[in-house]
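Everything on this sheet refers to the single structure shown next.
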Amino acid sequence: MLIVQKYGGTSVGSLERIRAVAERVARTVKAGNKVAVVVSAMSGETDRLIGLAHQISQRPEDREMDLLLSSGERVSAALTALAIRELGVEAKSFTGRQCGIITDSAHTRAKIEKITGQRLRETLENGCVAVIAGFQGITEETDDVTTLGRGGSDLTAVAIAAAVNADLCEIYTDVEGVYTSDPNIVPSARKLEKISYEEMLELASLGAKVLQTRSVEFAKKYSVPLVVKSSFNDAPGTYIVKEDEDMEKVLVSGVTSDKNQCKLTVLGVPDKPGIAGKLFSDIANAGFVVDMIVQNVSSDKKTTDISFTIPRTDSARAIEMTRKMAAELGARGVDHNDSISKVSVVGVGMRTHSGVAARMFETLAKHNINIIMISTSEIKVSCVIDNMYTELAVRALHEAFGLDKAA
Ligand code: ADP
Ligand code: ASP
Ligand code: MG
C-alpha cells in the first residue's frame, strides 16, 4: 500500500516523540508499504514564532510571516528524516517547494492550486520515505513561500495523498480519533468508529480542530480515504467515510464549540434597500469571513441594527473598518462584543428528524444560558452564547442528545 502519515505538533513535540514517529514509520515500511510522512512544527513552535514577529512589529506583513512560520515545519521534517535513517530506513526530507506544492498568493491562508510532485513520486517509487514539511507551498509566479492557515499540515497530507493516489491518509494526533465532542472538554465523549465527510466538515468548521476544515473539504472532493488516530498507541482510529444509511438514524453525532468569535453591531443603519449589500460586500472584499448575521428593525421603522460575527482574531481590523463604513452609511456607530462563543450540534440525522433545535434551546434554557444569535443548516444548529458558559453548554448538550458514554 501507499500510505501518507501526518504527525501533528504534539506527535513531534520532542526528540523522544520524533523517535517514536520514526519507529512507527519504520514499522510501516517493513510491513511492505511505501510511506510519505507529513509533519507539523514541534508543538508551540508556530505560536512562538508568531510571538517573535509581534515583538518586532505591531503588524507584521503576511509575506514575511509565511517565510518565518514555514521554518517550524522544516525543522521537524529534517529531524524526522534523520530519526528514520537512524533506524536503517532510507528517508529524505522535503520542503513544500521541493514537493511542487503550488498555491495562490493569499499569504497566511493560501489555497493549494496544484502539486507537481515529480520528485516526490520518484522518491517513493525508489522505496525511500519522503518526509514533507507540512503547512507550506510556494506561489507559481513569484516563488514566494506561502502557508496554508492554522492547522494546515492536515491539508498538506490530504493533498499529497490525492496527488500520489495514496491508498490511505492517516492523521496521527494526541487523541485516539474523532469524538462526539472534544475529549479535553467533555470527559464522557465517545470515540466514533466512523463519521461522514459532511459531518466532519461541519464539526471542523464549527470549532473541532482535530482536522483542519479545508483538509476535510479537499478529502471529500477527491474521495481521499482518511483516518484519525493516536500517535501514542495503536488503538483503532476514526474513519472519515461517505455517508451511509445507518448514519441518518443518529440524531446528533457531535457537539462542538468555537471561542474564536466576535460580534459587531452596526447601530442605527438607515433602513433602505442596498445598505446591507454595500456593508457586506465591503466586508467580504476586505477578506473578512462573516458567519452569522442578524438584523433588527428599530421601533421607529427608519433604522436597523445589523449584527454579525467574525473570527475574533480579525476583530481589531474589522472594527476599524466597520467604523469607517458606518460613518459613510450614516449609521449611529459600532458596538462589539468579544466575550462570546458559538456552540453547535451536528448530525446528518437532522435531515430526517425534527426537534433538534427545540431540544438545544430547552437545554440551554435549563442551564440559564441566554442565546444571543442562532443559525441553522440542514445538518447543524449553532447558538452564540456568552463565552463564560461554553464548557457548561457543551457538556449539557452532549448529555441531552444522549452522547455520553455509558458510565
Ligand atoms: P495536531 O497538533 O495533532 O494537529 P490538534 O491540536 O490540531 O492536533 O487537534 C487535536 C485536538 O483536537 C485534540 O487534542 C482535541 O482537544 C481537539 N478536538 C476538538 N474537538 C474534537 C473532537 N470532536 N474529537 C477529537 N478531538 C477534538
Ligand atoms: N504548525 C502549524 C500550526 O500550528 C500547522 C499545523 O500544525 O498543522 O498551525
Ligand atoms: Mg491540527
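Whatever order the structure lists them in is the order used to number ligands and atoms, beginning at 1. This one's a predicted model, so the numbers in the text were calculated from it and none came from an experiment.
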Does [X] come within less than 4.0 angstrom of ligand 1, counting non-hydrogen atoms of the residue?
X	result
Ser181	yes
Ser11	no
Val178	yes
Thr256	no
Gly177	yes

Work out whether the distance between some heavy atom of [X] and some atom of ligand 2 is less than 4.0 Å.
X	answer
Gly8	no
Gly151	yes
Glu73	yes

[atom]: nearest protein contact (heavy atom, Å):
atom	result
atom 7 (O) of ligand 1	Lys209 O, 3.4 Å
atom 2 (O) of ligand 1	Gly9 N, 3.1 Å
atom 3 (O) of ligand 1	Thr173 OG1, 2.7 Å
atom 3 (C) of ligand 2	Arg150 NE, 3.4 Å
atom 23 (N) of ligand 1	Tyr179 O, 3.0 Å
atom 13 (C) of ligand 1	Asp174 OD1, 3.5 Å
atom 27 (C) of ligand 1	Val210 CB, 3.7 Å

| query | Would you say the side chains of His398 and Thr180 form a donor-acceptor pair under 3.5 Å? | reply |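 On atom types as modelled, these side chains qualify, holding a pair under 3.5 Å.
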Original post:
Can you tell me if Glu176 and Asn233 form a side-chain donor-acceptor pair at under 3.5 Å?
Top reply: yes
Per-atom contacts of ligand 2 with Ser40, taking only distances under 4.0 Å to non-hydrogen atoms: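 Counting atoms of ligand 2 from 1, those under 4.0 Å from Ser40 are 6 (C), 7 (O), 8 (O).
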- [ ] Give me the ring orientation class for Phe308 and Phe280: parallel if the planes are under 30° apart, tilted from 30 to 60°, perpendicular past 60°.
- [x]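 Geometry flag for Phe280 against Phe308: perpendicular rings.
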Donor-acceptor contact below 3.5 Å, side chain [X] vs main chain [Y]:
X	Y	result
Thr156	Phe135	yes
Gln5	Val37	no
Asp182	Asn184	yes
Gln98	Thr95	yes

Mind checking whether Gln212 contacts ligand 2 via backbone (N, CA, C, O), side chain (CB onward), both or neither, at a 4.0 Å heavy-atom cut-off?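 Near ligand 2, Gln212 shows nothing, with every heavy atom at 4.0 Å or more.
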Next item on the list: Mind checking whether Lys6 contacts ligand 1 via backbone (N, CA, C, O), side chain (CB onward), both or neither, at a 4.0 Å heavy-atom cut-off?
Entry: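 The side chain, only.
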Checking heavy atoms under 4.0 Å, the part of Asp182 that sits near ligand 1 is both
Are any of the N/O atoms on Asp154, whether in the backbone or the side chain, positioned under 3.5 angstrom from an N/O atom of ligand 2?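 Asp154 vs ligand 2: no N/O contact under 3.5 Å.
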- Determine, for Lys249 against Asp246, whether the closest basic-nitrogen to carboxylate-oxygen distance falls under 4.0 angstrom.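 A salt bridge is present here (some side-chain N lies under 4.0 Å from a carboxylate O).
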* To do: Using distance alone, determine whether Thr180 and ligand 1 share an N or O pair under 3.5 Å.
  =>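 Such a contact does not occur with ligand 1.
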